[in-house]
Each structure stands twice: as C-alpha cells, then as structure tokens.
Amino acid sequence: MAVSVALLLELGVILTALTILGALARRFALSPIPLYLGAGLALGNGGIAPVPAAGEFVSTGASIGVVLLLLTLGLEFSIGEFAVSMRRHLPSAGVDLVLNAIPGAVAGWLLGLDFVGILAMAGITFISSSGVIARLLNDLHRLGNRETPAVLSVLVLEDFAMAAYLPLLAVFAAGGSWWEALLWMGVAVSALGAAFAASYRWGHHVGRLIAHPDDEQLLLRILGLTLIVAAVAEHLHASAAVGAFLVGLTLTGETADRARAVLSPLRDLFAAVFFLAIGLTVDPSDLVPMLPVALALAAVTALTKIVTGAYAARREGVGRPGQLRAGTALIARGEFSLVIIGLAGTTVAAIGPVATPYVFILATLGPLLTRFAK
C-alpha cells in the first residue's frame with residue numbers, strides 16, 4: 001500500500017502546531033479552543049500555509065471528534081437524573097428559542113433575505129455548539145458544577161429542536177413542499193424520541209452487553225455501537241452528537257469509569273482536529289466584508305445566550321456566579337451553524353458573508369468569556 005508523503009508531512013506539521021498551541025494555552029490556564037480555531041484559519045484555503053493533502057482526514061476526524069466529545073460527556077451522568085433535568089428545563093428551551101432565534105430572523109429580514117434565508121439565520125443564531133461546550137466544560141473542570149446539568153439540558157433540547165428544524169430547512173432549500181417538510185420532521189423527531197425512551201427504559205442492558213475485562217474489546221465495542229447510533233441519528237436528520245450522548249448516558253458504574261479511561265486519549269486527539277476543522281472551513285477573506293454586521297449580531301446573541309443560561313441555572317437553584325458561568329458556556333456557536341450555512345448557502349448566497357464571520361467570532365469569543373466568568 002502506497003503512503004502519501006504529503007499527507008504524512010502535513011499531519012505531522014498539524015499535530016506539532018496543535019501541541020505547541022495547546023501547551024501555550026495551558027501555560028496561561030486557558031482553553032486551547034481559540035488557538036486551534038486560529039490555526040485552522042491559517043492552514044485553510046486562503047490561509048498562510050494551506051494543507052490540501054490533509055483536508056479529507058481532518059474533515060473525517062472532525063466528525064469523529066464531536067461524537068467522542070458528546071459520548072464522554074454522557075458518561076458523566078445517568079440517564080434517570082438527566083431525564084428529570086430535561087423535563088425541568090422545557091421552559092428554558094422556550095426561552096432559548098425566543099431569545100436566540102428571533103435576532104437571527106430579524107437580521108435576515110433586515111438583510112433582505114427570502115423565507116429560506118430568514119429561517120436559516122434564525123437557526124444559526126439559535127443553536128449553540130455542543131462540541132465546543134463539551135470540551136470547555138472538561139477543560140475548565142466544571143463537569144461537577146451545579147449549573148452543568150442545566151447547560152447540558154439546554155444543549156440536548158436544542159439538538160431535539162434541530163431534529164425538527166434541519167429537515168424543514170433542507171426541504172425548503174431544495175424547493176420542496178410543506179407536506180414533505182412536515183413528513184421528514186415527524187420521522188426525525190419520532191426516531192430521536194424513540195431512541196431516548198429506549199435508552200431510558202433498557203439502557204442498563206446495553207452496559208452489560210458492552211462490558212468486558214479487556215480494554216481493547218471494551219474500546220471496540222463502545223466505539224462500534226456509538227458510531228452506528230450516531231450514523232442512524234444523522235441519517236434521520238437528527239444529531240449524531242445527541243445519539244452519541246445517549247450512548248454515554250446508558251453506561252454507568254465501572255463500565256463508565258473504564259470507558260472514560262480508554263476513550264480519553266482518542267477524544268483529546270480528535271477534539272483538537274474538530275476545532276481545527278472549523279477554522280479550515282473558513283476563508284479569511286470571507287470574514288471581512290460583513291464583519292461589522294456579524295459583530296453586532298454576535299454581541300446581541302452573546303447577551304441573549306447569557307440570559308438563557310442564567311434562567312436555566314436559576315431553575316436549578318444555582319446562585320448568580322453559577323448563572324453567569326452557565327450563560328457564558330452557551331455562547332459558542334460552531335458545527336450546527338456551519339451545517340445550516342452549507343444547507344442554505346447554495347440557494348441564498350447572501351447568508352455566507354454574514355453568518356460565517358458571526359460563527360467564527362462566537363466560536364472564538366465564547367471559550368474566552370467562559371474561562372473568565374466567575
């Protein structure tokens with residue numbers, strides 16, 4: 001089998017750069033996410049040192065990275081406790097939708113976009129980045145904080161909303177009808193609801209089937225099941241990330257402890273690739289023309305996310321410092337917003353110039369604000 005010299009060299013350079021940036025971030029007790037995003041911007045198309053040979057690997061690795069981030073996050077909680085928390089935060093989901101989708105819709109209307117464009121902008125400003133936030137909570141050692149269940153409940157409820165929203169947007173962007181959109185919405189939401197119910201009712205059997213004394217067997221079984229569930233969720237226009245999160249929730253006790261141990265090195269590697277990939281998708285020249293509009297929209301929706309997180313944390317009985325931490329944790333946008341840009345950008349060309357810098361600003365600014373929120 002022939003080995004691509006260019007691929008090996010570019011991957012070596014990428015990993016070395018990520019190593020240096022990660023060490024620099026740790027030196028100042030910061031999350032490395034903003035630096036990884038900046039590295040992706042420098043190495044992508046239009047950057048100072050493009051890496052074309054490594055592009056396919058980075059794209060694939062990014063998909064695995066977000067799945068592993070949500071899988072290991074799910075391992076920290078039990079399905080029963082999380083189901084109670086989600087029911088408690090249904091009002092938080094309503095506040096989240098109203099406060100964060102409306103600014104995007106208004107921005108789309110002011111920019112003169114059509115219905116598909118306005119719908120896309122609403123989704124872009126509404127949905128937080130599960131991948132970025134999962135890594136942040138781990139980096140900042142906040143998984144055990146009292147506000148964390150509120151943050152995760154809001155994220156998962158957002159992913160449920162995406163299960164309905166993405167089929168709707170995809171059908172309309174392709175010129176489909178209302179009945180087609182409603183059909184695919186029903187299929188996706190039903191499938192995700194059935195998966196959550198099955199995980200809640202029979203999840204403990206999954207743990208017994210996966211458990212094995214050999215670490216290699218345990219790793220292969222967990223990864224195999226997680227990737228299959230994630231693929232099914234993605235195929236149904238639901239979220240691969242929330243599918244992986246549900247698998248993590250079903251594993252408890254010793255199995256969950258050993259799973260965290262064997263998965264952590266893989267998670268850290270592919271998570272770094274995931275953040276790099278976000279930067280690689282952005283051409284620096286695309287960030288400039290509509291930067292003032294993107295900055296204004298980012299300022300508004302950063303504030304509305306802080307209000308959302310504070311409201312959700314208050315429902316958990318968390319004090320004001322925890323409410324601020326919860327709010328800033330939800331600021332980051334990322335993978336879902338980029339998917340929406342990709343779906344709608346082919347038919348509404350005006351979305352990319354404003355939405356791309358908007359996502360990059362909040363993907364970079366969110367981790368910094370979260371780090372310094374006390």
Side-chain angles (χ1 to χ4, degrees), residues 4-66 68-69 124 129 131-136 139 267-295 297-298 302 331-339 341-342 345 351-372:
S4 170
V5 174
L7 173 62
L8 294 179
L9 179 61
E10 289 180 6
L11 286 178
V13 170
I14 286 171
L15 294 177
T16 301
L18 293 179
T19 298
I20 295 170
L21 293 173
L24 182 64
R26 304 297 182 195
R27 172 69 179 80
F28 295 99
L30 296 171
S31 170
I33 292 173
L35 296 181
Y36 291 164
L37 292 169
L41 195 66
L43 298 175
N45 294 330
I48 58 176
V51 285
E56 185 175 351
F57 173 87
V58 171
S59 177
T60 304
S63 299
I64 297 173
V66 72
L68 289 176
L69 280 167
I124 289 166
S129 171
V132 173
I133 294 166
R135 177 61 187 264
L136 270 176
D139 283 347
R267 176 202 62 198
D268 294 341
L269 170 62
F270 284 103
V273 173
F274 164 69
F275 300 121
L276 180 81
I278 293 178
L280 283 176
T281 61
V282 179
D283 189 322
S285 63
D286 293 339
L287 301 179
V288 179
M290 296 293 287
L291 190 58
V293 176
L295 283 168
L297 186 58
I331 288 174
R333 271 63 162 191
E335 67 280 5
F336 272 123
S337 297
L338 293 173
V339 168
I341 294 171
I351 285 181
V354 64
T356 300
Y358 166 81
V359 172
F360 197 82
I361 289 166
L362 290 184
T364 306
L365 185 64
L368 294 176
L369 292 176
T370 305
R371 163 66 180 81
F372 293 109

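Everything quoted here is computed from the prediction, not taken from an experiment.
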Nearest-0.5 Å distance that lies between atom [atom1] in [X] and atom [atom2] in [Y]:
{"X": "Leu136", "Y": "Thr370", "atom1": "CG", "atom2": "OG1", "result": "5.0 Å"}
{"X": "Ile331", "Y": "Ser129", "atom1": "CD1", "atom2": "OG", "result": "13.0 Å"}
{"X": "Thr19", "Y": "Leu24", "atom1": "OG1", "atom2": "CG", "result": "12.5 Å"}

Decide yes or no for [X] and [Y]: does some side-chain heavy atom of the first lie under 4.5 Å from some side-chain heavy atom of the second?
{"X": "Leu269", "Y": "Leu15", "value": "yes"}
{"X": "Leu276", "Y": "Leu43", "value": "yes"}
{"X": "Pro284", "Y": "Leu41", "value": "yes"}
{"X": "Leu18", "Y": "Ile14", "value": "yes"}

Looking at [X] and [Y], what are the two nearest heavy atoms and their distance?
{"X": "Leu11", "Y": "Phe57", "answer": "CD2-CD2, 3.4 Å"}
{"X": "Val58", "Y": "Ala277", "answer": "CG1-CB, 3.7 Å"}
{"X": "Asp139", "Y": "Ser31", "answer": "OD2-OG, 3.2 Å"}
{"X": "Val66", "Y": "Gly131", "answer": "CG2-CA, 4.0 Å"}
{"X": "Gly22", "Y": "Pro32", "answer": "CA-CB, 4.1 Å"}
{"X": "Arg135", "Y": "Ala272", "answer": "NH1-N, 4.3 Å"}

Main-chain N/O of Gly12 paired to Thr16 side chain as donor or acceptor, under 3.5 Å: yes
Parallel, tilted or perpendicular: rings of Tyr36 and Phe275 (30°, 60°): parallel
For residues 351-368, please give each side-chain donor-acceptor pair under 3.5 Å, one per line with the distance, not counting sequence neighbours.
unit_1	atom_1	unit_2	atom_2	d
Thr356	OG1	Gly352	O	2.9
Tyr358	OH	Thr301	OG1	2.8
Tyr358	OH	Arg333	NE	3.3
Tyr358	OH	Arg333	NH2	3.4
Thr364	OG1	Phe360	O	2.9

